[in-house]
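Presented below is the structure to which this report refers.
Any value given below was found using the heavy atoms of this structure, including those in side chains, with hydrogens, waters and symmetry copies removed.
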Amino acid sequence: MKQKRIIDLDILRTLIILSALLQHFDSRFSIAFLSAPSTVVQKYIFTVGGFFFFTAGYMARKVYLARYLENPRYHSKIIFFKGLKILSLYITYVIFMHILTNADIPKDINIFLFDHMFFTKVLFTFGLLYMITPLFLFLFANHKKSLVITVVMITFFVVLYDSHWSIPYEFKILMLDRRLFLYPLFPSIVVYAMGFAISNFEINYNRDVYSFRMTLYILTVLCIHLFLITKIQPYTELFHNKQHFALVESITPYMAIIAIRYLTSINSIYKYLSTPYFLCVGIFSLHFYVISSLLIGVLSLSKESEPGTKLLGFIGICLLSYMFTFWRFRSVYEIKSLTKRSI
């Protein structure tokens, strides 16, 4: 089964998934000495969910739109059911983890979906975004102005939102309030839409954007940004506002994509990063993500365990998750068909 891949995104996806593993392990067992860089990225640059929502919108324009225009009904069905499968996987996983850890399954649907320590909550919103992608493509193809107006209204709604608004709690947690649930639908749509818009710009521009100068500029901006966070309290508080942070992570994933594109334009770097042994995690990121989260959920350690024991547990989870992912990868792809540049 041969498929053309966008290798740059696969490389970045691999790095993000490994970062997520570090974060999840740290939240359960406390390994700050390993997870500090990942924590900084997720607090002040973009969350794991933000990256995947951005790339979902990016790929919707870059790949799915052309397929949709060929046969709208057929491809709408494929995309919708892909999202439904992800959502079903999330619900099944949460039920299974409750059973596996001898925890009572909550009767309250909000507690069941959003109030647990099984780490995969991003899949709930990710599945929903795939399910609404056919509607997004339909509006873009037939009613661009309506789509733009809708996204702008949702963006204002997200930024201006106040937790004291008299709206149902269920609506807040599902659609708006990032303090109740990190990945409600409206902020995620804002990030998704920006990914879609940037991909549309690249297609109209007829090239993938990257250069040494742009990469250097991005690194400089990020260094200044991180310096200001450590020195200026009002600036730090601005990024602690999770509602406003949706605007930040509408841009920062693209900055990471540009940097990775430049790095992979260097042959010696591309040679090592494009190996299937590394890329398999990015290509089958969902497999690695779910398996590693499951293993963290059942690992018999605590925050008080010895650092060496925690490190061994972390290495074991990495190896088992990788072995399963690579086995799945080898069963689907021919190794030699993968290393095609997208730039």
Worked check of side-chain contact (heavy atoms from CB on, under 4.5 Å) between Thr252 and Phe54 = CA-CA 9 Å; Thr252 47; Phe54 180 93; over 6 Å; no
ask   = Does the pair Ile257 and Leu9 meet the rule for a side-chain contact (heavy atoms from CB on, under 4.5 Å), with working shown?
value = CA-CA 7 Å; Ile257 289 171; Leu9 291 185; 3.7 Å; yes
message = Do Lys310 and Ser30 have side chains that approach each other closer than 4.5 Å (heavy atoms only, starting at C-beta)?
response = yes
ask   = Transitively linked via ILVMFWY side-chain contacts under 4.5 Å: Tyr272 with Leu263?
value = no
query = By the rule that ILVMFWY residues connect when side-chain heavy atoms come within less than 4.5 angstrom, directly or transitively, which residues belong alongside Tyr74?
reply = Ile78
ask   = Between Phe46 and Val248, is any pair of side-chain heavy atoms under 4.5 Å apart?
value = no
task = Would you mind listing the cluster partners of Met153? Hydrophobic ones only (ILVMFWY), side-chain contacts under 4.5 Å, chaining allowed.
result = Ile149
key: By side chain to side chain donor-acceptor pair (under 3.5 Å) - contacts of Ser76 (at least two apart)   = none
remark   = d(Ser38 OG, Ile16 CD1) to nearest 0.5 Å is 8.5 Å
key: Nearest heavy-atom neighbours spanning Leu22 and Phe314   = CD2-CZ, 3.4 Å
note = Residue set satisfying side chain to side chain contact (heavy atoms under 4.5 Å, CB included) with Leu311, at least two apart, ordered chain then number -> Leu34, Ile315
message = Could you report the tightest heavy-atom contact between His24 and Ser293, atom names first, then the distance?
response = ND1-OG, 3.8 Å
query = Between Phe329 and Phe326, does the ring centre distance come in under 6.0 Å?
reply = yes
Side-chain heavy atoms of Thr325 within contact of Arg328, under 4.5 Å = no
Interatomic distance, Lys43 atom NZ to Gln23 atom CD [nearest 0.5 angstrom] = 8.5 Å
ask   = Between Tyr68 and Tyr64, is the gap from one ring center to the other below 6.0 Å?
value = no
ask   = Aromatic ring centroids of Phe138 and His143 under 6.0 Å?
value = yes
ask   = How many angstroms lie between CG in Leu113 and CG in Leu87, if you round to the nearest 0.5 Å?
value = 8.0 Å
ask   = Where the side chain of Glu249 meets the backbone of Thr47, is there a donor-acceptor pair that is under 3.5 Å apart?
value = yes
ask   = Does the pair Ile79 and Leu137 meet the rule for a side-chain contact (heavy atoms from CB on, under 4.5 Å), with working shown?
value = CA-CA 11 Å; Ile79 297 168; Leu137 296 176; 3.9 Å; yes
message = For Phe25 versus Leu299, what's the shortest heavy-atom pair and its separation?
response = CE1-CD2, 3.8 Å
ask   = Is there side-chain contact between Tyr44 and His225, with at least one heavy-atom pair below 4.5 Å?
value = yes
key: Smallest separation among heavy atoms of Arg179 and Ser163, with atom names   = NH2-CB, 3.2 Å
task = Report yes if some heavy atom in the side chain of Leu129 is under 4.5 Å from a heavy atom in the side chain of Ser188; otherwise report no.
result = yes
note = Note: Lys62 and Ile203 closest approach over all heavy atoms is CA-CD1, 3.8 Å
inquiry  = Run the side-chain contact (heavy atoms from CB on, under 4.5 Å) test on Tyr192 and Tyr130 for me, step by step, so that the C-alpha distance in whole Å, both residues' side-chain angles and the decisive distance to 0.1 Å come before the verdict.
reply    = CA-CA 10 Å; Tyr192 174 98; Tyr130 263 98; over 6 Å; no
query = Do Lys144's NZ or CZ and the ring of Phe140 fall within the cation-pi criteria of under 6.0 Å and 45°?
reply = yes
inquiry  = I'd like to check the side chain to side chain contact (heavy atoms under 4.5 Å, CB included) partners of Phe112; sequence neighbours left out, ordered by chain and number.
reply    = Ile91, Val94, Ile95, His98, Ile105, Pro106, Ile109
Name the atoms and distances for all side-chain donor-acceptor pairs under 3.5 Å in residues 119-127, with sequence neighbours left out.
unit_1	atom_1	unit_2	atom_2	d
Lys121	NZ	Phe114	O	3.0
Lys121	NZ	His116	O	3.0
Thr125	OG1	Tyr183	O	2.4

query = How long is the gap from CZ on Phe278 to CG on Leu273, to the nearest 0.5 Å?
reply = 5.5 Å
